[in-house]
Amino acid sequence: MNPIFSALPTTIFETMSRLAREHQAVNLGQGFPDDPGPEDVRRKAAEAVIDGWNQYPPMMGLPELRQATATHFRHWQGLELDPEAEVMITSGATEAIAGALMAVVSPGDEVVLFEPMYDAYLPLVRRAGGVPKFVTLTPPHFGLSEEALAQAFSPKTKAVLFNNPLNPTATNFSAADLDLLASFCVRHDAVAICDDVWEHVVFDGHRHQPLMSRPGMRERTVKISSAGKIFSLTGWKVGMVMAAPELMRVLAKAHQYITFTTPPNLQAAVAYGLGKEDAYFEGMRADFQRSRDRFAGGLSELGFSVLPSAGTYFLNVDIGPLGEGDDVAFCQRLVAEHGVAAIPVSAFYAEGAVRNVVRFCFAKHDATLDRALERLAALRVKG
Ligand code: GLN
């Protein structure tokens, strides 16, 4: 068997969701909303299943979705994309990331990764033959520095895999960070594979800035977006990939032999959804922000040390003040004894550098969050 995958454990998200079911816990681990998602978008998908085309759609995606993607990102992020040559639809962002690594990386090429990182990145980089080079981001800002980038980049750097907003830290990179990273990519002639799936789930009036629009990046960026995150429909697995024609030509070759296409009915519904009025997107953000504030407020009242959350479905708690130094053991006890599932953040590090942070998903109904808070009260920090 291939040693990279045979040595891997089951993903922490699957493991914690299974434990949550076993213990009938409130599941604030794996990131998915309680809300069923926008009804009009779901209806479009249902109509497309009944009345629409259910055979193979075009390999690059439905023309209407490619057009809607270009229109959407011109409107929200000022990007000018040719839907014919620069937009492709995949079965979720994870397929797009896997395909991009296969298309860009040759064995021995170095790939810069930023820790903490989403758990799929490292095995996918290794399977593509890439040699990982880590930049470790540190709290509270998790920002970039010239020194850290200078250590990670080398003449062998082929690509960087960059997630902004960043899961699990719930941070947005600053404009200065983006400019710094762009300058390194340009200087080292590296491709930036940008996991932008959280771009719409940002709070406090923030607007996402894509790395693709920084100087020198338009021709060397693969921008990856996710309908699952944009419409709170995480099981849909519809990804949008944007890149200059020369890159796209090779990305398409990888996609055509991984999944080839993506369910046409879901694509039709996403094409409709991307054109929804601004109020929908603002309202979605406002709802999640309210849930964030409710949960963060409740945790703070209980004495927990809550780290800031500027985006994503997540907020993090420092368990150090609870006298806890092992996030994995803590999460196992939390689910089994207190009935709340969370994610140990050490799962996002190659070397488990951080052991005192636990991630909670707040994209839930008030009643779910309140139930979790009631259970967490047993751990109340006395002080
Ligand atoms: N993106 C989700 C999270 O961070 C997990 C998706 C999955 O379960 N693989 O919670």
Side-chain angles (χ1 to χ4, degrees), residues 5 8-22 25-35 37 90-99 101 113-125 127 137 142 161-172 193-203 224-240 258-259 284 288 291-292 295 307 309-317 327-328 331 334-335 340-350 354 357-364 368-369 372:
F5 287 131
L8 284 177
T10 301
T11 128
I12 189 70
F13 307 112
E14 187 71 23
T15 301
M16 290 312 301
S17 280
R18 186 180 47 73
L19 286 174
R21 283 191 295 274
E22 259 172 50
V26 182
N27 189 358
L28 304 186
Q30 193 177 32
F32 60 91
D34 267 353
D35 193 85
T90 56
S91 294
T94 304
E95 188 218 309
I97 292 166
L101 289 167
L113 295 166
F114 301 86
E115 292 193 281
M117 70 197 152
Y118 188 59
D119 71 341
Y121 292 1
L122 185 55
L124 291 175
V125 166
R127 196 65 186 90
L137 307 170
F142 298 99
L161 179 43
F162 182 63
N163 178 213
N164 182 33
L166 181 63
N167 176 11
T169 64
T171 46
N172 296 311
I193 301 170
C194 290
D195 175 351
D196 283 1
V197 300
W198 299 105
E199 59 204 338
H200 268 298
V201 192
V202 288
F203 309 129
I224 296 171
S225 296
S226 159
K229 303 299 190 295
I230 295 177
F231 299 108
S232 317
L233 297 164
T234 60
W236 273 26
K237 306 297 291 181
V238 177
M240 287 84 76
I258 304 177
T259 61
M284 177 268 288
F288 285 131
S291 300
R292 174 199 68 175
F295 194 55
L307 305 179
S309 166
T312 74
Y313 297 156
F314 310 115
L315 62 75
N316 293 290
V317 166
D327 59 342
V328 175
C331 285
L334 193 64
V335 70
V340 179
I343 300 289
V345 164
S346 60
F348 294 80
Y349 286 86
V354 167
V357 181
V358 166
R359 191 196 82 173
F360 291 92
C361 173
F362 57 74
K364 303 290 174 186
T368 309
L369 296 176

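Both counts, for ligands and for their atoms, begin at 1 and track the order of listing.
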Do the non-hydrogen side-chain atoms of R359 and F314 ever get within less than 4.5 Å of each other? yes
With sequence neighbours excluded, what pairs up with E22 under the salt bridge (charged side-chain N to carboxylate O under 4.0 Å, His left out) test? R18
Side-chain donor/acceptor of N164 to backbone N/O of L166, under 3.5 Å: no
Per the ring-ring contact (aromatic ring centres under 6.0 Å, His included) rule, which among F362, F32, W198 passes with Y313? W198
Distance-only side-chain donor-acceptor flag, S232 / D35, under 3.5 Å: no
For ligand 1, list every N/O pair with the protein closer than 3.5 Å, one pair per line with the distance.
residue	atom	partner	partner atom	Å
ligand 1	4 (O)	N167	ND2	2.8
ligand 1	4 (O)	R359	NH1	3.0
ligand 1	8 (O)	Q30	NE2	2.7
ligand 1	9 (N)	Y118	OH	3.1
ligand 1	10 (O)	G31	N	2.7
ligand 1	10 (O)	R359	NH2	2.7

Compute whether any side-chain donor of one residue and acceptor of the other, for D195 and Y121, lie under 3.5 angstrom apart. yes
